[in-house]
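In what follows, a single structure is set out as structure tokens and then discussed.
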Amino acid sequence: MLKPVYELENVTLYYKKGKFKANDDISLTIYQGEIIGILGPNGAGKTTLIKQMIGQLAPTRGSVKFRGYEVSRHVKDVIQQIAYYSQETFALSFLKTKEALYFTGRLKGLSKKEAKQQTDAILQRLGMYEYRDKILSKLSGGQRRLISFGTTLIGQASVMILDEPTNELDPLKRKLVWDIIRELNQKGTTIILVTHNILEAEKVVHRVAVVDHGKLLALDHIENLKKRVDQRMRVEIYA
Ligand code: ATP
């Protein structure tokens, strides 16, 4: 029996004091252990949907539940259990790379020893160990993204929400990130991956939710979706 992690029911979200509908009646269940892609062109409403899944926004109508609990009423519990990678600039840019990882680990409740061990292991896995004493603001954009991705690995959350995790990365680092995502999923981690690049996403995702103009256009296994994709959607999802 598949266990739901997230249950979204009729999620509708308005911005601009009710003038702009960014999510329109979206219903979607995400199951434990799957990798689901949330796909759609720029401005489709993907990040808005994710912000409601992490409790940064509350739906105007409908409900977003995490393991049975309404997210907007249990934000602290939810964020303790998930790891979230966003496209927004890393806030801790005055820290050294190792400090950014270490402090994230401590915030997630790791002991000093665990936080240090995981920091070292993640820096090594990401090929960033030699940059451990470098201040984040002095790294390249791609290196900073990679460290930001690293912070989602510390603490080994059972659910990861990754908003375009390979943006700005070179091909080798992109492959590294996809490999890590696949490995984590094989160990049972549920992964929610936001992207507009189906060519990359199809290498890892099981199911895809296609969003456009705030609506859920399709929800299916990647293979089925590729078969039945119509010309209009093809343009949108391959954009
Ligand atoms: P991208 O792929 O470009 O990141 P997206 O699918 O994640 O796009 P969202 O960021 O969810 O899209 O934005 C959906 C729509 O809501 C867009 O038209 C955007 O301009 C609008 N929007 C996003 N944030 C706000 C905000 N804080 N206030 C008003 N409108 C917003």
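All values below were derived from every heavy atom in this structure, side-chain atoms included, with hydrogens, water molecules and symmetry-related copies excluded.
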Got a salt bridge between Asp25 and Lys215, using NZ or NE/NH1/NH2 to carboxylate O under 4.0 Å?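 Looking at Lys215 together with Asp25, the answer is no, because their closest N to O distance does not fall below 4.0 Å.
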
Check Ala100 against Leu136 and note the closest heavy-atom contact, atom names and distance.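 Scanning both residues, the minimum pair turns out to be CB-CD1, 3.8 Å.
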
Which heavy atom of Met160 sits nearest to which heavy atom of Leu153, and what is that distance?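 Smallest interatomic distance, heavy atoms only, reads CE-CD2, 3.8 Å.
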
Partners passing side-chain contact (heavy atoms from CB on, under 4.5 Å) against [X] (at least two apart in sequence or in another chain):
X: Glu114; value: Leu110, Ser111
X: Ser158; value: Arg67
X: Gln80; value: none
X: Glu168; value: Arg145

Give the cluster check for Leu57 versus Val194: same hydrophobic cluster or not, with ILVMFWY residues linked at side-chain heavy-atom distances below 4.5 Å.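 No: no chain of side-chain contacts under 4.5 Å links Leu57 to Val194.
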
A side-chain contact here means heavy atoms from C-beta on lying under 4.5 Å apart; do Val210 and Leu216 qualify?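 Not in contact.
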
Do the side chains of Thr47 and Asp163 get nearer than 4.5 Å, heavy atoms only?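 Heavy-atom side-chain distance check passes, below 4.5 Å.
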
Looking at Asn10, is its backbone amide N or carbonyl O close enough to the side chain of Ser27 to form a donor-acceptor pair, meaning the two atoms are under 3.5 Å apart?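 At least one qualifying donor-acceptor pair exists.
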
Take atom NZ in Lys108; do more than 12 heavy atoms of anything else shown fall under 6.0 Å from it?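 Result for NZ/Lys108: enclosed.
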
Which residues pass the side chain to side chain donor-acceptor pair (under 3.5 Å) test with [X], sequence neighbours left out?
X: Thr152; answer: none
X: Ser140; answer: Gln143
X: Asn185; answer: none
X: Lys96; answer: none

Summary of ring-ring contact (aromatic ring centres under 6.0 Å, His included) pairs that have at least one residue in [range], sequence neighbours excluded:
range: residues 9-59; value: none
range: residues 36-87; value: Tyr6-Phe66, Tyr69-His74
range: residues 124-161; value: none

Pairwise side-chain hydrogen bond (donor to acceptor under 3.5 Å, both in side chains) hits with a residue in residues 170-183, at least two apart: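 Output for this query lists Arg125-Glu183, Arg174-Glu200, Lys175-Asp179, Asp179-Arg182.
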
